[in-house]
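To start, the structure under review is shown below, and the notes come after it.
Numbering of ligands and ligand atoms starts at 1, following listing order. Worth saying up front: this structure is predicted, and the values here are computed from it rather than measured. What's counted below: heavy atoms across the whole structure, side chains too, no hydrogens, waters or symmetry copies.
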Amino acid sequence: MIIVMSPLATKNQIDHAQGRVREFGLEPHLIVGAERTIIAGVGKEKPGLMSHLEVLDGVEKVLPVVAPYKMASLEAAPVHTVVKVLGFQAGGDRIGVMAGPCSVESREQLLELARLVKQAGATALRGGAYKPRTSPYSFQGLKEKGLEILAEARAETGLAIVTEVMAPELVGLVSKYADILQIGARNMQNYPLLEAAGESGKPVLLKRGPSATMDEFLLAAEYILKTGNSQVMLCERGIRTFEDHTRFTLALASVPYLQQKTHLPVVVDPSHGTGKTSLVPAMTRAAVASGADALMLEIHSNPETAWSDGYQALTPGLFLETVKSAGVVASALGRKLG
Ligand code: PEP
Ligand code: MN
């Protein structure tokens, strides 16, 4: 159930409405928007509850939420959430661009790519310091050293840093360096990790599990939202299908679908979604055309020598061209890339 407070509601009225929600056995969660506050009442609803809440001072309306994901649903916050960190913005009139290597490999590599990314108009720098690898014998990331390098790149360029956190006990450490915590596809349903990331208060980029349905994806986001952290982005990064001409199948219809169901910004990762450099530029433009609020792109100065995911990395030249042509699509839609 969603209790929409009037824009003029006072703090006392909001507190009182929350108290009433609690008295009726529901857990109230506040969603504080720019214009108005919404209270999501989560739990088993008693009959007649809506009419008890509708009459409270400061309450504009009370809505039932049919979707299983209460706080993520569009009904919970009819205005789409915009996530802003430093110069990065996902949602509204801007399409954020997060770009960088799959893995942080060295200080020189990252700083060179950070400068390039910045020059091309990206607003966030990605780079894995803790890497979820299929084989335990593959490179696992530079760990804290990688985080230090990312922070150095932010200090020089002002780019927001997005990097993966793989375990709840690492959330504290990764949060010291990162501006946005990435939850990888393999961890989409690691619920203790989702809660720990939510409690950090940092914006969270939640990647879709390779076999997750939309409801499972949105319910995973709900775990983060339930901690009181409303800065959640959903990232479509491809799913596992019978198809084998691409690494994953980039399910772009999820972008408009999610935007009909949730107020959270939707990000597309055409790099992991295709797993092939040559397919990334076209799918980046398609992602923008589908309504994505941000993009995540992997780049490398010399993909052949990359320590991970080189086969899907854009070279600097291709990255510049891709951002330029995707920018044209964005302007046709009245939005701005970067
Ligand atoms: C990544 O972003 O490098 C990554 C490992 O992504 P995913 O979790 O989508 O596989
Ligand atoms: Mn990667």
Side-chain angles (χ1 to χ4, degrees), residues 90 96-105 109-110 113 117 122 124-136 138-143 146-147 149-150 160-167 170 174 178-190 193-194 197 203-212 216-217 220-221 224 232-241 246-252 254-255 266-277 279-280 283-284 287 292 294-315 319:
V97 179
M98 300 179 244
C102 178
S103 300
V104 179
E105 296 172 8
Q109 171 235 23
L110 193 78
L113 288 175
V117 154
L125 177 67
R126 64 144 289 143
Y130 290 87
K131 294 301 304 174
R133 304 305 301 280
T134 304
S135 164
S138 303
F139 172 59
Q140 304 285 309
L142 294 183
K143 310 215 160 83
L147 296 175
I149 297 173
L150 285 163
I161 299 300
V162 53
T163 195
E164 179 161 353
V165 56
M166 282 173 53
L170 286 172
V174 177
D179 300 298
I180 300 169
L181 300 181
Q182 175 173 327
I183 305 287
R186 292 156 189 81
N187 266 323
M188 189 203 84
Q189 287 177 308
N190 181 340
L193 176 61
L194 298 178
V204 179
L205 176 82
L206 177 64
K207 289 192 134 194
R208 180 183 182 183
S211 57
E216 288 164 346
F217 193 14
I224 306 167
V232 180
M233 295 177 271
L234 301 169
C235 180
E236 170 60 59
R237 47 76 74 208
I239 50 173
R240 181 59 66 81
T241 68
T246 48
R247 183 182 180 193
F248 293 98
T249 296
L250 187 60
L252 278 187
S254 66
V255 180
V266 184
V267 182
V268 175
D269 171 352
S271 303
H272 293 87
T274 61
K276 279 194 180 145
T277 301
L279 303 179
V280 172
M283 294 317 285
T284 303
L295 299 165
M296 173 168 266
L297 291 163
E298 286 191 348
I299 56 175
H300 201 278
S301 310
N302 185 5
E304 264 180 46
T305 63
W307 294 4
S308 57
D309 289 356
Y311 42 78
Q312 66 193 31
L314 294 173
T315 56
F319 174 65

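In this structure, Arg126 contributes its side chain and Cys102 its backbone to a donor-acceptor pair below 3.5 Å. Listed for the Asn187 side chain is no donor-acceptor partner under 3.5 Å among the backbone atoms of Asn190. No side-chain donor-acceptor contact under 3.5 Å links Gln312 to the backbone of Gly310.
Glu298 CD to Ser103 OG: the interatomic distance, rounded to the nearest 0.5 Å, is 8.0 Å.
In this structure, Glu164 has no salt bridge (charged side-chain N to carboxylate O under 4.0 Å, His left out) partners at least two apart in sequence or on a different chain. By the salt bridge (charged side-chain N to carboxylate O under 4.0 Å, His left out) test, Arg237 pairs with no residue at all, sequence neighbours left out.
Panel detail: the Mn ion (ligand 2) has protein N, O or S atoms under 2.8 Å away, 4 in number.
Closer than 4.0 angstrom to ligand 1 lie heavy atoms from Cys102, Arg126, Lys131, Pro132, Glu164, Gln182, Gly184, Ala185, Arg186, Lys207, Arg237, His272, Glu298.
Paired with Gln182 under the rule side-chain contact (heavy atoms from CB on, under 4.5 Å), one option of Met233, Met296, Met98 passes, and it is Met296.
Around atom CZ of Arg240, no more than 12 heavy atoms belonging to other residues, nucleotides or ligands sit under 6.0 Å away.
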Exercise for review: Please step through side chain to side chain donor-acceptor pair (under 3.5 Å) for the pair His300 and Asp309, ending with a clear verdict.
Suggested key: CA-CA 10 Å; His300 201 278; Asp309 289 356; over 6 Å; no
